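Beneath this line is the structure, given in structure tokens, with notes to follow.
These figures come from a predicted structure and were not determined experimentally. Because only heavy atoms are used, hydrogens play no part in the values below, and waters and symmetry mates are left out as well, while side chains stay in.
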Amino acid sequence: MHLRSLGAALTVTGSAHLLDVRGGPLLVDCGMFQGSEALEARNHEPFPFDPADLRAVLLTHAHLDHIGRLPLLVRRGFRGPVYCTPPTAALAETVLLDSARLQVEGFRRELRRARRTGREDKVPAPLYDEEDVHRTLALLRPAFQFGETLKVGGLRVTPGRAGHILGSAYLLLEDGEARVILSGDLGNRESGLQLDFAPPPEADAVVLESTYADHRHRSLPETLAELRDTLRQSIRAGGKILIPSFAIERTQFLLAELKKLMDTGEVPRIPVFLDSPMASRATHAYFEFGDELVSPVREALRRGDDPFRPSTLHTVVSAEESRRLNRYDGPAIILAGNGMMTGGRIQHHLKHHLWEPSTSLIIVSYQSPDSLGGQLIAGAKTVRVLGEEIAVRAQIHTIGGFSAHADRDDLLAFLESAGQPRVWLVHGEPEVMEAFLPVLEARGLSANLVPDRERVDLLTTTFPEGRPPGMTGARGREQRSEE
Ligand SMILES: [Zn+2]
């Protein structure tokens, strides 16, 4: 079986893997590159194949860096089926419509700016719009069920629970000669919301994500205790508590945790505002597919309770309501996107509250060093938010233990269940993957890094010391995708 990675090879973003199999080429994931300008420029490059020739697309999960270029593929001629799990289909609608809106808004903003300098012809067109997304959603076939085999062309495809976000799957592909697993993104076995990944069957090769292959996550109980103590301290400070959060998974986890802490009296009840229409929409999918979640949440849903609704929750819908929150008096917790503070409604909350010493900013997800979040973590005294210089007098708290990704121990446990496969590393920073190679070798596993856009035979290709030719050694960290 031949693989050509068009994204997430030697980087953590833009997952898209082209498989040459009998019956025609397949694409596993079609993600957007996010992070540096150089990476994002790759979104505009042509696909190195005719999208009309693809037999099908298989999706592992609904994160933007795994599905974000799908509407572009459709815009450029793909008309085949897109297989995924039912929750992935539900989340994909939310994620792709939001992405189209951001594309179009970003384009209009750039165009206005460029007109003033007479360079409007230099502004790249949006990758796609809402109409492309609707044509894409019409191609979704939510036919993947964990553990059930589906025939796609000459290939048998069996999805397994990946435990990363709602609906996430790894894929076992069998063509009669080889059994290959594509891991997609694998979950942290202490995520607090998702069930653990299902142990995979034995395979000849595993294409393995390696985002945190150099890392051991802090334990969930320790992280939760830190969250509780930070909330108590922040509530005592009496001001706004701002929590920038990713719309999928982290927000639902925080809502469930806030409800628990307030119901048990461990944290005083104060108003909670969910100021993210995208997160509100995504939460519906968690409702609908609650059987996939850890038992306290699952049981609550079965009883007809709402585990994602603290009794003091207000869901903010319109932009006007969101702005009105700026004048809200008294303590409150505000959950808003986006998680990296690079855009979204969190920005105007930061602008209105960062300068107040009673404000607490609780950072619960990875921030790239040059982002606004990165500057705040580094202790910046002032930051630029929405074009204004804002003094930072708020208390900045970082809770680093949350992660939706497998750590080194999780990855090794996954591999152990797969027998003695050849291992191909993707979705990691080069230096993280290089450091992981000897760990795999010590376990008797033959391992290589997947080269960028070069075709490999998953069962026979080998690189000296596992490093593809032309690999330019360690580069700066660009971004750890969706943490
Ligand atoms: Zn992911």
Side-chain angles (χ1 to χ4, degrees), residues 165-166 187-195 217-276 279-280 282-284 286-287 290 292-316 325 328-337 339 346 349 353 358-366 394-404 483:
I165 63 164
L166 191 73
N188 174 357
R189 287 180 296 170
E190 281 203 315
S191 82
L193 194 52
Q194 293 301 318
L195 293 174
H217 298 320
R218 208 152 52 112
S219 81
L220 183 65
E222 280 176 276
T223 307
L224 291 178
E226 192 184 358
L227 175 68
R228 180 199 59 210
D229 295 345
T230 305
L231 283 166
R232 285 178 179 164
Q233 188 190 336
S234 302
I235 290 171
R236 277 198 299 273
K240 298 289 178 296
I241 300 169
L242 308 180
I243 311 183
S245 178
F246 290 97
I248 293 176
E249 202 73 14
R250 189 59 37 85
T251 295
Q252 290 76 28
F253 173 77
L254 287 169
L255 288 172
E257 208 48 42
L258 284 170
K259 177 176 167 57
K260 203 161 69 191
L261 289 169
M262 289 183 179
D263 284 356
T264 54
E266 288 178 85
V267 159
R269 281 186 207 276
I270 65 167
V272 178
F273 291 94
L274 175 58
D275 190 13
S276 165
S280 302
T283 306
H284 289 296
Y286 282 75
F287 247 89
E292 296 300 320
L293 305 174
V294 293
S295 73
V297 177
R298 191 171 67 226
E299 297 311 321
L301 283 165
R302 283 190 185 149
R303 284 196 305 273
D305 293 347
D306 186 343
F308 307 112
R309 180 165 283 276
S311 63
T312 54
L313 182 73
H314 304 269
T315 304
V316 180
L325 260 184
Y328 180 89
D329 237 358
I333 297 171
I334 300 174
L335 291 167
I346 192 66
H349 297 302
H353 297 296
S358 62
T359 299
S360 303
L361 174 67
I362 304 183
I363 297 174
V364 291
S365 40
Y366 174 77
Q395 297 299 313
I396 314 286
H397 304 276
T398 310
I399 301 181
F402 298 116
S403 178
E483 38 85 50

Notebook entry, point to check: After noting the C-alpha distance and the side-chain angles of I333 and I270, does the key distance pass the side-chain contact (heavy atoms from CB on, under 4.5 Å) rule?
Noted result: CA-CA 7 Å; I333 297 171; I270 65 167; 3.6 Å; yes
Next item on the list: Take L227 and L254, measure what side-chain contact (heavy atoms from CB on, under 4.5 Å) needs, and give me the verdict at the end.
Entry: CA-CA 10 Å; L227 175 68; L254 287 169; 4.3 Å; yes
Next item on the list: Please report the C-alpha distance between L258 and F308 in whole Å, then the side-chain angles of each, then the deciding distance to 0.1 Å, and finally whether the side-chain contact (heavy atoms from CB on, under 4.5 Å) criterion is met.
Entry: CA-CA 9 Å; L258 284 170; F308 307 112; over 6 Å; no
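Note on ring orientation: taking the six-membered ring where Trp is involved, the planes of F273 and Y328 are perpendicular (angle over 60°, cut-offs 30° and 60°).
Exactly one of S191, P244, S245 qualifies for a side-chain contact (heavy atoms from CB on, under 4.5 Å) with R250. That residue is S245. The side-chain contact (heavy atoms from CB on, under 4.5 Å) with Y286 is formed by just one residue from the set I248, L255, T251, V297; it is I248.
Legend: salt bridge (Lys or Arg N to Asp or Glu O under 4.0 Å) pairs involving residues 219-228, not counting sequence neighbours, sorted by first then second residue: R218-E226, R228-E266.
T398 contributes no side-chain N or O that, together with a main-chain N or O of G400, makes up a donor-acceptor pair within less than 3.5 Å. Judged purely by atom type and a 3.5 angstrom limit, K240 has no side-chain atom pairing as donor or acceptor with the backbone of D329. The backbone N or O of Q194 lies less than 3.5 Å from no partner atom in the side chain of E292, so there is not a single donor-acceptor pair. Remark: side-chain polar atoms of D305 are not paired, donor with acceptor, to backbone N or O of P307 under 3.5 angstrom.
Proximity of S219 to E190: side-chain heavy atoms (C-beta onward) are separated by under 4.5 Å at one or more points. No side-chain heavy atom of P331 sits under 4.5 Å from any side-chain heavy atom of I235. The shortest side-chain heavy-atom distance between D275 and H314 does not fall under the 4.5 Å cut-off.
Atom-to-atom distance recorded for D306:CG and S311:OG is 11.5 Å, nearest 0.5 angstrom. Residue S403 holds its OG atom at 10.5 Å from CD of E249, rounded to the nearest 0.5 Å.
There is a side-chain donor-acceptor pair under 3.5 Å between T283 and Q252.
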